[in-house]
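Contents: one structure, followed by commentary.
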Amino acid sequence: PMYTLTSNPEDTTSIFNQLVNKGYATTLYMDSAASRDKFSNLDKYNAVLSQSHMSNKSIYLGIEINKIGSSNLYQPNVDAVNANDLNYNNPKSNTLVILNGCESFQPKQDGTPSDLANAFSKATLAAGYEREVNIAWANDYMSGLITNMAEKEMTFVEADTDIWLNYMP
């Protein structure tokens, strides 16, 4: 089964539909349904796609921007699942985790893997971004990745390489 979590429903609905149309058994949680408790048992799924705003330490469950007083300054109101809250300890064989969010795999300052990369290190293959990415490009990337893997029967590495070589935002 595929497990999909997102705080951006407009970004994921088409990707979810694409997975379903390709015949994948898929569970989707969006907005407030993509709550902290949904991240506690991810290791029971063959594939996990989390599409949201991220840092190298956290997956944000939702972001609200609050205006500070009468100024033009804004402050994020963020609820997040931290890497140390993810219990990805006993995954099935042949698992895939994709963190489709900015900086999810950005190394720490000392060059070691990010906290999120470490949290999913027991997956057969875990993928994320080392820098900021445009949301529209990230959606196109996921759509192309799924098409390459499901229709063209490419491996993840082949599908990923094809997108990076042939699709430029």
### Message
Using 30° and 60° as the class boundaries, would you call the ring planes of W137 and W164 parallel, tilted or perpendicular?
### Response
tilted

### Task
Taking atom types as modelled, find out whether T95 and N46 have a side-chain donor-acceptor pair closer than 3.5 angstrom.
no

Closest heavy-atom pair, F156 versus A127, reported as atoms and distance to 0.1 Å, is CZ-CB, 3.6 Å

Sequence neighbours excluded, the answer for side chain to side chain contact (heavy atoms under 4.5 Å, CB included) partners of N90 is D43

Closest non-hydrogen contact found for L42 with K38 is CD2-O, 3.5 Å

Hydrophobic cluster identity match, V133 and Y141, side-chain contacts under 4.5 Å
yes

>> Keeping S121 on the side-chain end and N118 on the backbone end, is there a donor-acceptor pair under 3.5 Å?
In response: yes

Check: With distance as the sole test, does S55 use its side chain to make a donor-acceptor pair with the main-chain N or O of K57 at under 3.5 Å?
Finding: yes

d(M54 CE, E103 CD) to nearest 0.5 Å is 11.5 Å

Between the CG atom in L116 and the OG atom in S58, the distance rounded to the nearest 0.5 Å is 6.5 Å

D162 backbone acceptor or donor facing N166 side chain under 3.5 Å = yes

Nearest heavy-atom approach of S114 to Q106 is CB-O, 3.1 Å

Check: Hey, does the side chain of S104 reach the backbone of N56 with a donor-acceptor pair shorter than 3.5 angstrom?
Finding: no

Whether R36 side chain and A80 backbone form a donor-acceptor pair below 3.5 Å: yes

### Test item: I98 and L96 side chains (from C-beta on) under 4.5 Å apart, heavy atoms
yes

In short, T124 meets N94 closest at the heavy-atom pair OG1-N, 3.0 Å

| Are N87 and N41 close enough, and set up right, to give a side chain to side chain contact (heavy atoms under 4.5 Å, CB included), and what steps lead you there? | CA-CA 7 Å; N87 298 315; N41 294 309; over 6 Å; no

### Message
Hydrophobic clusters here meaning ILVMFWY residues chained together by side-chain heavy-atom distances under 4.5 Å, can you tell me if M142 and M154 are in one?
### Response
no

Pair N139-Q51, side-chain donor/acceptor within less than 3.5 Å: yes

So CD of E153 and CG of N148: to nearest 0.5 Å the spacing works out to 11.5 Å

Here the gap from N82 atom CG to F39 atom CZ, rounded to the nearest 0.5 Å, amounts to 11.5 Å

Interatomic distance, CD1@I59 vs CG@N100, rounded to 0.5 Å, equals 11.0 Å

I'd like to know if the side chain of E158 and the backbone of T155 have a donor-acceptor N/O pair within less than 3.5 Å.
yes

Sorted by chain and number, sequence neighbours left out, side-chain hydrogen bond (donor to acceptor under 3.5 Å, both in side chains) with N84 holds for none

When you measure from the side chain of S50 to the backbone of L99, do you find a donor-acceptor pair of N or O atoms at a distance under 3.5 Å? no

What one should report as the nearest heavy-atom pair of M149 and A159 is CG-CB, 3.7 Å

Exercise. Does the pair V97 and Y45 meet the rule for a side chain to side chain contact (heavy atoms under 4.5 Å, CB included), with working shown?
Worked result: CA-CA 9 Å; V97 174; Y45 295 93; over 6 Å; no

